[in-house]
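A short worksheet on the structure shown next.
The shown structure was predicted, so the numbers you read here are calculated from the model rather than taken from an experiment.
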Amino acid sequence: LLEKYNASPHLDVKILICPPMTLLTYVRKLIEGTNIFLGGQNCHYEVSGAHTGEVSADMLCDVGCSYVIVGHSERRSQYGETDKEIFNKVESVLANGMQAIMCVGETLKSREEGSAINYVTRQLDEVLNSTLNLENLVIAYEPIWAIGTGKTPKIAEIQEIHEAIKRVLSTSLSQSQEIPVIYGGSVNPNNAEEVLSLDAINGVLVGGASLNANDFWEIAKAAS
């Protein structure tokens, strides 16, 4: 990836890499001197205490992270993270001067019932009803049923959800606050260009395709 990046100095794209916790220091050294950003895949919201095995937001800040992903669908579904817990993580990330990528997304059941928009926008309530300065917040829409499955919503469905999220954000926030909304959910080189062409989408959160440097680079080029 770095070879491709160094060979394309004029590529107009913002790249963020969120490796496993054990590789953060290694990756930070690799990307030093580049414009590639480093991020964590998750964090704990407490600064200290009896939380053996957890990594706090300030620890991620210390290791050089600029971003932290919170509320990923797998954290919600496999570890039972609630909207309140995710809000606490957002608060902690923002308090440490980093940008929080807060994931939202509907289940297949809610999609089939026609309640996807309500399901997704309700996940924003805790954050939008708070007094936090949301200048460093990014929203990532990732339909739970599309994560790692190779399935993606229809392009019109992706646009519809993103437009709904943007409406909720614009209603709740002042005009001076414009929160980026990015899409995640089986993004790959074949669909990236079409997804990124949508007006309501400000970027993509790449999952499985990021494990292949060639695929990831094709997506990066599509975003430029």
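No side-chain heavy atom of F37 sits under 4.5 Å from any side-chain heavy atom of I17. Side-chain contact between E126 and T82: absent, with no pair of heavy atoms (C-beta onward) separated by less than 4.5 Å. Proximity of V68 to N42: side-chain heavy atoms (C-beta onward) are nowhere separated by under 4.5 Å. The closest side-chain heavy-atom distance from C103 to I69 is below 4.5 Å. Side chains of L169 and V181 form a contact here, defined as non-hydrogen atoms less than 4.5 Å apart. No side-chain heavy atom of I179 sits under 4.5 Å from any side-chain heavy atom of V138. The closest side-chain heavy-atom distance from V63 to M59 is not below 4.5 Å. Looking at W145 and R111, their side chains come closer than 4.5 Å, going by heavy atoms from C-beta outward.
Formation of a donor-acceptor pair under 3.5 Å by the N129 side chain with backbone atoms of D125 is found in this model. Judged by distance alone, the side chain of R75 and the main-chain N or O of V70 form no donor-acceptor pair under 3.5 Å. At least one donor-acceptor pair closer than 3.5 Å links the side chain of N188 to the backbone N or O of N190. A donor-acceptor pair is defined here as one N or O able to donate and one able to accept, closer than 3.5 Å; such a pair exists between the side chain of S210 and the backbone of G207. Looking only at distances, a side-chain donor or acceptor of Q123 sits under 3.5 Å from a matching main-chain atom of G105. Listed for the R76 side chain is a donor-acceptor partner under 3.5 Å among the backbone atoms of G71. S110 places no side-chain N or O within 3.5 Å of a backbone atom of E106 that could act as its donor or acceptor partner. Judged by distance alone, the side chain of D215 and the main-chain N or O of N212 form no donor-acceptor pair under 3.5 Å. No donor-acceptor pair under 3.5 Å is formed between the side chain of S115 and the backbone N or O of N118. Although no hydrogens or angles enter the test, the distance criterion places a donor-acceptor pair under 3.5 Å between the side chain of N191 and the main chain of S186.
In terms of hydrophobic clustering, with Ile, Leu, Val, Met, Phe, Trp and Tyr side chains grouped at heavy-atom distances under 4.5 Å, V206 and L24 are assigned to a common cluster. By the criterion of side-chain heavy atoms lying less than 4.5 angstrom apart, applied directly or through intervening Ile, Leu, Val, Met, Phe, Trp or Tyr residues, V13 is grouped together with F216 in one hydrophobic cluster. At a threshold of 4.5 Å between side-chain heavy atoms, the hydrophobic network of Ile, Leu, Val, Met, Phe, Trp and Tyr places Y79 and M102 in two separate groups. Connection of L23 to L1 is established within a shared hydrophobic cluster, with ILVMFWY side chains joined at heavy-atom distances below 4.5 Å, either directly or through further cluster members. Each of I182 and L137 belongs to its own hydrophobic cluster when Ile, Leu, Val, Met, Phe, Trp and Tyr are linked at side-chain heavy-atom distances under 4.5 angstrom.
Of all non-hydrogen atoms in S92 and Y45, the two that sit nearest each other are OG-O, 3.4 Å. Of all heavy-atom pairs spanning Y183 and P143, the tightest one is CE1-CD, 3.7 Å. Nearest heavy atom pair, residue I15 against residue A220, reads CD1-CB, 4.4 Å. Across all non-hydrogen atoms, the minimal contact from I144 to S73 is CG1-CB, 3.6 Å. Minimum interatomic distance between V187 and L205 (heavy atoms only, all atoms of both residues): CG2-O, 4.2 Å. The shortest heavy-atom contact between C43 and S56 is CB-C, 4.3 Å.
Of the inter-residue distances, the one linking S8 atom OG with W217 atom CH2 reads 4.5 Å to the nearest 0.5 angstrom. With rounding to the nearest 0.5 Å, the separation of CG in L16 from CD1 in I101 is 5.0 Å. Interatomic distance, D62 CG to N96 CG, rounded to the nearest 0.5 Å: 8.0 Å. Atom CG in L196 sits 8.5 Å away from atom CD1 in I219 (nearest 0.5 Å). For the atom pair NE2 of H72 and OG of S77, the computed distance is 9.0 Å after rounding to the nearest 0.5 Å. Put simply, CD on E74 and CD on E142 are 7.5 Å apart, with the number rounded to the nearest 0.5 Å.
The aromatic rings of H44 and H51 are tilted relative to each other, their planes meeting at an angle between 30° and 60°.
Other residues, nucleotides and ligands contribute at most 12 non-hydrogen atoms within 6.0 Å of the CD atom of E193.
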Could you go through the side-chain contact (heavy atoms from CB on, under 4.5 Å) check for M21 and L60 one step at a time? CA-CA 9 Å; M21 300 291 189; L60 294 176; 3.7 Å; yes
Any chance you could lay out the side-chain contact (heavy atoms from CB on, under 4.5 Å) test for Y141 and H162, step after step, and finish with the verdict? CA-CA 7 Å; Y141 166 61; H162 276 255; 3.7 Å; yes
Start with the C-alpha gap between Q99 and V93, add the side-chain angles, then the distance that decides, and say whether side-chain contact (heavy atoms from CB on, under 4.5 Å) holds. CA-CA 7 Å; Q99 298 200 46; V93 171; 6.0 Å; no
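A salt bridge links K109 to E113: one of the charged nitrogens lies within less than 4.0 Å of a carboxylate oxygen. Ion pairing of R122 with D83 is absent here, as no side-chain N (NZ or NE/NH1/NH2) approaches a carboxylate O to less than 4.0 Å. By the 4.0 Å N-to-carboxylate-O rule, E218 lies close enough to K221 to be salt-bridged with it. Salt-bridge check for K89 with E81: passed, with a basic side-chain N closer than 4.0 Å to an acidic carboxylate O.
There is no side-chain donor-acceptor pair under 3.5 Å between K14 and N35.
The one candidate from T121, I86, L124 that meets the side chain to side chain contact (heavy atoms under 4.5 Å, CB included) condition with V104 is L124.
Membership of an apolar cluster is not assigned to L211, as no side-chain contact below 4.5 Å to another ILVMFWY residue is traced.
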